[in-house]
Amino acid sequence: MADGLLAGRVAVVTGGAGGIGGATTRRLAAEGATVVVNDADEARLAATVDDVAAAAGGRAVPVPGDIRLTTTVTELADTAHGVAGGRVDILVNNVGDYRPNGRFLRTTEEDWAALHAINLEHVLRCTRALAPTMVERGTGSIVNVSTVEASRGIPANAVYSAYNAAVEAFTRSLAVELGGDGVRVNAIAPDLADTLQTPADTMLRGRDPALVRSWVPLARFGEPDDYADVILFLASDLSRFVTGHVIPVDGGTRAASGWYRRADGRGWTNLPDQP
Ligand SMILES: NC(=O)c1ccc[n+]([C@@H]2O[C@H](COP(=O)([O-])OP(=O)(O)OC[C@H]3O[C@@H](n4cnc5c(N)ncnc54)[C@H](O)[C@@H]3O)[C@@H](O)[C@H]2O)c1
């Protein structure tokens, strides 16, 4: 059996081939877990499984498919339960997307349904499919991936923000409900991850990268591993007395909300008109 914090454990990661999910798969496997990895992108999924196989640690078992489909959730749960006699220790509900976005008054009911499907519905479905065996075994950790925008206003993304606030409310309430069954439920709230969905280059759009320090206290974009390490903490026994919480992984942006380091380097401002 592989060594590590998660030796002998079975983990499930949705969207686990790329971005934050890809780093999470690699991190959990490096700590000895068998990771059942779902992703809609089959080539990316195969590459991630190969990476895990080539590295020291646990292994990765692929479940390709769109997690918005009930058939994928069923296949994911069946595969996970088949890996080690029904044992599943960790569920990371990672898939989410801010698109389609735009001014709320121009959004359509189809947009709302799409955002509901990609940000909230599969979180409920995967949890419903995988939590029961955790409860039966009296142990488990569920980690949901929300966004700082669930607790901070974001223009042109009101519906995305609302569904992620729902993910956080679900996290807290389920933590209370399942605590006595030995199952912990927590979430991370990322900001500014340099991933496929939000590449730092695209987000900067020609701006001087040195200006990142003006609105990110830790003065850089996040790397996928920055988020994966916090997910590992929440998934493992290192956080055995932590449940019902959302940990912002944001380089300090939420703490700074409304405050900016001045472009001239001379202190901070809460005025939006610095040169
Ligand atoms: N990138 C950020 O700055 C940021 C900020 C806040 C919150 N988040 C949240 O973090 C999570 C991960 O974001 P990311 O930036 O790593 O995303 P990403 O787009 O870079 O990677 C997502 C992975 O999930 C897969 N995927 C996408 N849709 C899927 C589906 N329907 N079914 C199965 N797999 C699917 C993709 O193929 C990809 O491998 C999301 O919930 C997102 O909302 C990200």
Side-chain angles (χ1 to χ4, degrees), residues 12-27 35-49 51 60 62-76 79 91-101 113-123 125-126 143-152 154 157 159-168 170-171 187-204 212 215-216 218 220-231 234 246-251 253-254:
V12 173
V13 182
T14 69
I20 293 169
T24 300
T25 295
R26 292 175 176 84
R27 197 72 187 87
V35 186
V36 180
V37 194
N38 154 260
D39 207 283
D41 187 314
E42 295 199 23
R44 191 178 298 138
L45 181 58
T48 301
V49 170
D51 281 357
V63 179
D66 184 337
I67 201 63
R68 294 172 295 185
L69 303 176
T70 52
T71 47
T72 304
V73 175
T74 303
E75 197 189 336
L76 184 63
T79 304
L91 167 62
V92 182
N93 285 311
N94 165 67
V95 166
D97 205 303
Y98 65 95
R99 298 160 292 194
N101 62 338
L115 287 162
H116 182 260
I118 197 72
N119 288 291
L120 179 62
E121 193 171 43
H122 65 84
V123 174
R125 252 188 217 129
C126 289
V143 184
N144 298 321
V145 179
S146 172
T147 168
V148 286
E149 318 298 4
S151 55
R152 179 178 74 187
I154 174 172
N157 287 276
V159 181
Y160 166 74
S161 170
Y163 288 136
N164 277 281
V167 168
E168 296 191 1
F170 176 63
T171 298
I188 68 161
D191 195 9
L192 292 171
D194 185 6
T195 61
L196 303 158
Q197 194 173 127
T198 49
D201 287 349
T202 309
M203 290 172 69
L204 281 168
V212 171
W215 83 94
V216 187
L218 290 183
R220 64 174 175 85
F221 281 76
E223 298 297 331
D225 281 342
D226 295 326
Y227 309 87
D229 280 352
V230 182
I231 291 173
L234 291 172
V246 179
I247 302 185
V249 188
D250 61 0
T253 55
R254 213 185 66 170

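Heavy-atom basis, side chains included; hydrogens, waters and symmetry copies ignored. Read the numbers this way: they start at 1 and go in the same order the structure lists the ligands and their atoms. Counting from 1, the numbers follow the sequence of the chain as shown.
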Quiz item: When you measure from atom 36 (C) of ligand 1 to each heavy atom in Arg44, Glu42, Glu149, which option holds the nearest one?
Solution: Arg44

Quiz item: If you measure from each non-hydrogen atom of Tyr160 to ligand 1, which part falls under 4.0 Å: side chain, backbone, both or neither?
Solution: side chain

Quiz item: When you look for heavy atoms under 4.0 Å from ligand 1, do you find them on the side chain of Asn164, its backbone, both, or neither?
Solution: neither

Quiz item: Would you say atom 27 (C) of ligand 1 touches the protein, meaning some protein heavy atom is under 4.0 Å from it?
Solution: no

Exercise. Can you pull out the closest protein heavy atom to atom 21 (O) of ligand 1? Residue, atom name and distance to 0.1 Å, please.
Key: Gly18 O, 3.8 Å

Self-check item: SB check Asp225 Arg27 (cutoff 4.0 Å)
Solution: no

Exercise. May I ask whether Gly65 has any heavy atom positioned less than 4.0 angstrom from an atom of ligand 1?
Key: yes

Practice problem: Just go through Gly96, Gly19, Ser146, Ala193 and tell me whose heavy atom is the nearest to atom 7 (C) of ligand 1. | Solution: Ser146

Quiz item: Who's the nearest protein heavy-atom neighbour of atom 23 (C) of ligand 1, and how far?
Solution: Gly15 O, 3.5 Å

Exercise. Would you kindly specify which portion of Pro224 sits under 4.0 Å from ligand 1, judged on non-hydrogen atoms: side chain, backbone, both or neither?
Key: neither

Quiz item: Is it true that Arg152 and Asp250 have a side-chain N and a carboxylate O under 4.0 angstrom from each other?
Solution: no

Practice problem: Give the residue, atom name and distance (to 0.1 Å) of the protein heavy atom nearest atom 15 (O) of ligand 1. | Solution: Thr195 OG1, 2.6 Å

Quiz item: To which protein heavy atom is atom 2 (C) of ligand 1 closest, and what is the distance rounded to 0.1 Å?
Solution: Thr198 OG1, 3.3 Å

Quiz prompt | ligand 1-proximal atoms of Leu192, by part, heavy-atom distance under 4.0 Å | solution = backbone

